[in-house]
Amino acid sequence: MKDLVRMRTSLSEEVQNILNEQIRIEAVASAKYLAMASWCDERGYENSANFFYHQSDEERKHMLKIFHYVADMGGKAASPEVAGINHEFASLREVFETALEQEIGVTHAINRIVDTCRKVKDFGTEQFIDWFVEEQREEEFVARRIIELFDVIGEEGQGLYFIDKEIPNVKYDA
Ligand code: FEO
């Protein structure tokens, strides 16, 4: 069986495993963002909710991008199990801080894929994963910038209203 798989795909077992792990990570990220969207929606933070609905869609697209890559390379892409998604947050700020922590975690996971690719000399997969390296720069930037809004605008009085209002204007323009 193992030999048959080797004939069908040029992906090493190590690379295929780490890509399937990334598929799971992206699926979890999508589910977490959906929970964050729900939390914001319920409390009337409309722009924040839309931001997280959009992010949830983006993470699913990331998952599928890797899923199709593994399948297109003749590998075995695995549909991941997602469970235990947190729906409880103490504040809007905590929601965005959790989002940033999550993105930093994803960046580390992507870096581990690059590292594995270099170790086994899988330059094709390294080239494919480059897109994600750039994407992570953008996603971390946006999450960080939004958290800065909490300090710049302040959370007192109508602060949270104005922070929410400002969310769609946060863009990565590097
Ligand atoms: Fe697909 Fe935000 O990591």
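Positions are given from 1 along the sequence. Order of appearance sets the numbers: ligands from 1, and atoms from 1 within every ligand.
With respect to Glu26 and Arg60, no salt bridge is recorded, no charged nitrogen being found less than 4.0 Å from a carboxylate O. Using a 4.0 Å cut-off between charged side-chain N and carboxylate O, Lys32 and Glu59 make no salt bridge.
Panel detail: atom 1 (Fe) of ligand 1 has protein N, O or S atoms under 2.8 Å away, 3 in number.
A distance below 6.0 Å separates the ring centres of Phe96 and Phe52.
Looking at Glu97, its side chain never comes within 3.5 Å of a backbone N or O of Ile147 through a donor-acceptor pair. Checking side-chain atoms of Asp164 against main-chain N and O of Ser48 turns up a donor-acceptor pair under 3.5 Å. Side-chain N or O atoms of Ser56 include none that pairs as donor or acceptor with a backbone N or O of Tyr33 at under 3.5 Å.
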